[in-house]
Amino acid sequence: MRFAPGPSGPLHIGHTRAAILNDEYVKRYKGRFILRLEDTNPEKLEPEAYTMIPEDLEWLGIEVHESFVQSDRMELYYDAVRELINVGGAYVCTSDTEVWRSLKESGHPVEDRGLPPDVHMDRWDKMLDGTYNEGEAFLVIKTDLNHPNPAVRDFVGMRLRDEPHPRTGNRYRAYPLYNLSVAFDDHLMGCTHILRGKDHLNNTLKQEYIYDYLGWKRPHFLHYGLVSIPDTLLKKSLIAQERREGRIEGWDDIRLGTLRALKARGFDPLSLRRYWLDVGIKPVDINFSWETLSAINKVVIDDRTNRYFFVGSPRLLSVAVDRPLEASIPLHPEHPERGARKYKLDPINGKIMVLVAEKDLKEQKKGVVFRLKDLCNIILETDGGSEASYAGQDLSSVKGERGRIIQWCLPGSPRCTILYPEDNMGPNEGVAEGFVVEEGRKGSLVQFERVGFCKVWLKGEELYANYGHK
RNA sequence: GCUCCCGUAGUGUAGUGGCCAAUCAUGCUGGCCUUUCGAGCCGGUGACUCGGGUUCAAAUCCCGACGGGAGCACCA
């Protein structure tokens, strides 16, 4: 099996289906996973991608058994092209592209097509030695000009390009196009099964001509349905533009659909694997669902994720109280052994001060008992007001009311900014428990109760949280 | 325009002629429980695109219509 991305950026969520499904077959049938970087288009390459892609695969938990870079294999392609010309499977066209294209569209050959192989071999040599300039000649693979499917009629296999290649510079100028290099490599690398998206259905038809010309055994082709991914910056050109304009800092900006962004948001690669395994390899086109992925991820990460309070748009609330209050809140209720956040609040002038979310406070009515979670019950003096009084510890008295248990923080708690992949997904500015700073230092994943799972980090002394999901 | 692929609830998925008044997950929703409006448990919601045909019997096979997607590059 092979996974063959173009090194024009790091892997994004759209790549994960191919990568994971291929890996799953490899693991199930004890095959080999070949990574092949397809960089025969010097104009669209991102040098960083050559190292980012293997890193991304490793993060996904994929073992790469062998890896190749197409620009290392140019001589191999040249050899195969000669063979193709010899058996009459390819010709060098020196006409204008437009002419060639419109002729084949109507099912007619350009005159070059009927010339004998030695003429084309000679022209091929001229493509290599620089006699032809960029655009003056290109190699075409013969198929069937009367093929009812216009997408399958003669296709370009090699083109001239003088743009320097990030790896090979100006060493080569004849570059293979997708269908040619793929067919050669899939055979040369001994791929027995090609698992790829349905968008390659017509490419498969083209590539089969090459297999047949050279007498190669065709591999087994499998095509799964296309995935449409909503609401994520995937388009490379768009990303490039955003980066240029400084709105995106790196490849792990959480608004991106890159694996790095997913990692930065606290998604576990296991969740992606489960997701694609659930979807399977049907040829049906599907819509990618963040909801489902998040639901899967929640069960994967919840157990190991500590919980803290986050208070968005904090407002100071004073609680009249006649005794000191203590709170001991476990980091995870199902794992008391991990420890707890302990607080002791001594009243000053008969009151203690806490920060609560503006949104939570507004919803509270005068005289109705509600609770500061794990601390005490309170009653507001006025609707949504900032004065309250202590109302005991009896949990049962807050039952049945909606929104009756709210999170709180001590005054002076560190400010925390939550970053979202999209705007208006929740509270941005607020405060978090002081303990979160230490989590931020470690870059931990935490759950802010009633907000969501976030990966927290420090920028200098400032606390930031990358929002993952509910 | 031509060609190909696909069509089960909002989103995915199981289903390959009878066990399907259609599975599971997710979403939404009601309840129980619970110091998260979380998790868990219980319940509800909601689908075989339509029309013909074959058959004793069709979500499953055939034909047509309709709908969605992809390809027809000197991108991959």
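Not measured: the values here are computed from a predicted model. In what follows, chains are A, B, ... by sequence order, proteins preceding strands, each numbered from 1.
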Q.
If you only use heavy atoms from C-beta on, which nucleotide in rU36(B), rU8(B), rC6(B) is closest to the side chain of Pro283(A)?
A. rC6(B)
Q) Between rU3(B), rG10(B), rA14(B), which nucleotide gets closest to the side-chain atoms of Glu291(A)? A) rG10(B)
List every contact pair, protein side and nucleotides 39-47 of chain B side both N or O, where the distance is under 3.5 Å.
residue: rA39(B); atom: OP1; partner: Lys298(A); partner atom: NZ; Å: 3.2

Q) Charged N to carboxylate O below 4.0 Å: is that the case for Asp360(A) and Arg450(A)? A) yes
(Q) I want to check one thing: is the phosphate of rG27(B), taken as OP1 and OP2, less than 4.0 Å away from some side-chain N or O of Thr292(A)? (A) no
Q. Angle class for the His469(A)/Phe267(A) ring planes (parallel below 30°, perpendicular above 60°, tilted otherwise)?
A. tilted
Protein N or O to nucleotides 69-73 of chain B N or O, pairs below 3.5 Å:
residue: rG69(B); atom: O2'; partner: Asp285(A); partner atom: OD2; Å: 3.2
residue: rG71(B); atom: O2'; partner: Asn202(A); partner atom: ND2; Å: 3.3
residue: rC72(B); atom: O2'; partner: Pro150(A); partner atom: O; Å: 3.1

(Q) Return the CD1 to CG distance between Ile194(A) and Asn203(A), rounded to the nearest 0.5 Å. (A) 12.0 Å
Q.
As an exercise, state the distance from OG of Ser181(A) to CD1 of Ile210(A), rounded to the nearest 0.5 Å.
A. 9.0 Å
Is a side-chain donor-acceptor pair under 3.5 Å present for [Y] with [X]?
{"X": "Glu334(A)", "Y": "His332(A)", "result": "no"}
{"X": "Ser8(A)", "Y": "Glu46(A)", "result": "no"}
{"X": "Thr204(A)", "Y": "Arg196(A)", "result": "yes"}

Q.
Using the ring-ring contact (aromatic ring centres under 6.0 Å, His included) definition, which of the options Phe309(A), Tyr308(A), Tyr343(A) pairs with Phe435(A)?
A. Tyr343(A)
Q. Considering every strand shown, what is the Watson-Crick or G-U wobble mate of rU35(B) when both distances are under 3.5 Å?
A. none
Q.
Partner lookup for rC61(B), please. Criteria are Watson-Crick or G-U wobble with both distances under 3.5 angstrom; report none if nothing qualifies.
A. rG53(B)
(Q) Heavy atoms only, 4.0 Å cut-off, all strands: where does Gln447(A) land among base, sugar-phosphate and nothing? (A) base
Q. Could you give the CZ-to-C1' distance, from Phe155(A) to rA76(B), as a whole number of Å?
A. 14 Å
Q | Rounded distance in Å - NZ (Lys373(A)) to C1' (rU34(B)) | A | 10 Å
Q. Is the Lys NZ or Arg CZ of Arg73(A) less than 6.0 Å from the centre of Phe184(A)'s six-membered ring, within 45° of the axis?
A. no
